[in-house]
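Please read the structure below before turning to the comments.
What you are looking at is a predicted structure, and each value in this text was computed from that prediction instead of being measured. What's counted below: heavy atoms across the whole structure, side chains too, no hydrogens, waters or symmetry copies.
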Amino acid sequence: MGARRIQVSEHGVFETVEEEIVLTHLKSWKPFQRSSRAWSAVRVCAAVVLVSFAIVVALGVNMYTMQTAPKAHADYDGDYNAYPYGECTWFANERFHDIYGYYVPWHIGNANEWVDQAYNYGWQVSSTPSLYSLIVLQDGVQGATGYGHVAMVEQIESDGTIIASSMNAGAGWGSSSDEEYWSGPGVAFIKP
């Protein structure tokens, strides 16, 4: 065994350096062991840290880069038509802009997804047509493709027939036309 070193400190004589370290640590923790005020402070600090963490998580902040996480379609400001020309989605978005002065707030998704997008943005979704609402046809409904179809309701006839302007329907890809539709299963009308 090694020789024990005796050390004299201002607090007294210790047999070994290790004993001094242990006693020093014990002394530094005494205020926390005896004081309920100190423990209250520790609890408050811990609560503040946890609440701050919860707020950061709720706001979607990336802790490593301190950047806000992207929200659904947050990068789209609505100042342009993000859909590809020639598709029904592009035409419906352009016609919507002509009437309302702004583009739809979403910029991704096929026509058959526009009903869900409308719900996500708090728009009115109905099975009853209204003038200048967007008519959304699900896959295979009234001639819609596997991606669905979207058009602008331009007129509602007395017999319930809906005249809607669209692109990539009866006149073919990239051409606009007015087509007849009717309410029923797989048909929804959306409006802001």
Side-chain angles (χ1 to χ4, degrees), residues 53-192:
F53 180 74
I55 290 171
V56 165
V57 169
L59 292 175
V61 174
N62 184 326
M63 293 298 290
Y64 298 104
T65 62
M66 293 307 289
Q67 294 177 347
T68 303
K71 305 260 188 279
H73 319 302
D75 59 332
Y76 179 64
D77 59 14
D79 290 339
Y80 65 97
N81 189 345
Y83 284 96
Y85 175 81
E87 300 295 338
C88 63
T89 49
W90 180 88
F91 182 87
N93 203 7
E94 281 298 313
R95 188 67 182 115
F96 180 86
H97 182 268
D98 291 344
I99 294 167
Y100 293 98
Y102 61 96
Y103 293 103
V104 297
W106 54 88
H107 71 284
I108 58 171
N110 297 314
N112 57 3
E113 299 173 70
W114 279 37
V115 171
D116 289 337
Q117 296 285 11
Y119 276 122
N120 290 339
Y121 283 90
W123 283 27
Q124 300 169 20
V125 177
S126 175
S127 59
T128 304
S130 61
L131 195 58
Y132 303 122
S133 62
L134 293 164
I135 180 174
V136 180
L137 307 171
Q138 293 304 308
D139 308 355
V141 174
Q142 298 181 45
T145 68
Y147 302 106
H149 188 67
V150 62
M152 176 62 71
V153 175
E154 304 288 351
Q155 190 176 344
I156 303 168
E157 301 289 330
S158 59
D159 66 355
T161 302
I162 300 155
I163 308 297
S165 60
S166 67
M167 185 174 269
N168 200 10
W173 187 89
S175 299
S176 61
S177 61
D178 289 341
E179 302 295 325
E180 290 185 354
Y181 300 101
W182 55 93
S183 298
V187 178
F189 301 90
I190 60 175
K191 199 171 191 177

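In terms of the side chain to side chain donor-acceptor pair (under 3.5 Å) criterion, residue partners of Thr161 (sequence neighbours excluded) are, by chain and number, Asp159. Judged as a side chain to side chain donor-acceptor pair (under 3.5 Å), and not counting sequence neighbours, the contacts of Gln155 are Glu157. Partners of Thr145 according to the side-chain contact (heavy atoms from CB on, under 4.5 Å) rule, which considers only residues two or more places apart in sequence or in another chain, are Tyr147. For Asp139, the side-chain contact (heavy atoms from CB on, under 4.5 Å) partners two or more places apart in sequence, or in a different chain, are Asn112. Residues that satisfy the salt bridge (charged side-chain N to carboxylate O under 4.0 Å, His left out) test with Glu154, not counting sequence neighbours, are Arg95. Scanning for ring pair (Phe, Tyr, Trp, His ring centres under 6.0 Å) contacts around Phe96 gives Tyr100, Tyr102, Trp123, with sequence neighbours left out. With sequence neighbours left out, the ring pair (Phe, Tyr, Trp, His ring centres under 6.0 Å) criterion links Phe91 to no other residue. Every residue meeting the side-chain contact (heavy atoms from CB on, under 4.5 Å) condition with Glu87, not counting sequence neighbours, appears here in chain and number order: Pro84, Thr89, Asn168, Trp173.
For the pair Ala111 and Gly148, the tightest heavy-atom approach, listed with the atom from each and the gap, is CB-C, 3.7 Å. The shortest non-hydrogen separation linking Glu113 to Gly109 is OE2-CA, 3.5 Å.
Taking the side chain as every heavy atom from C-beta outward, Trp106 and Asn120 never approach each other to under 4.5 Å. Counting heavy atoms from C-beta outward, Val104 and Leu134 have side chains that approach closer than 4.5 Å.
Between the side chain of Gln142 and the backbone N or O of Trp182, at least one donor-acceptor pair lies under 3.5 Å.
Evaluation of the salt bridge (Lys or Arg N to Asp or Glu O under 4.0 Å) test over residues 178-192, restricted to residues two or more places apart or in two chains, returns none.
Between atom OH of residue Tyr80 and atom OH of residue Tyr83 there is a gap of 11.0 Å, rounded to the nearest 0.5 Å.
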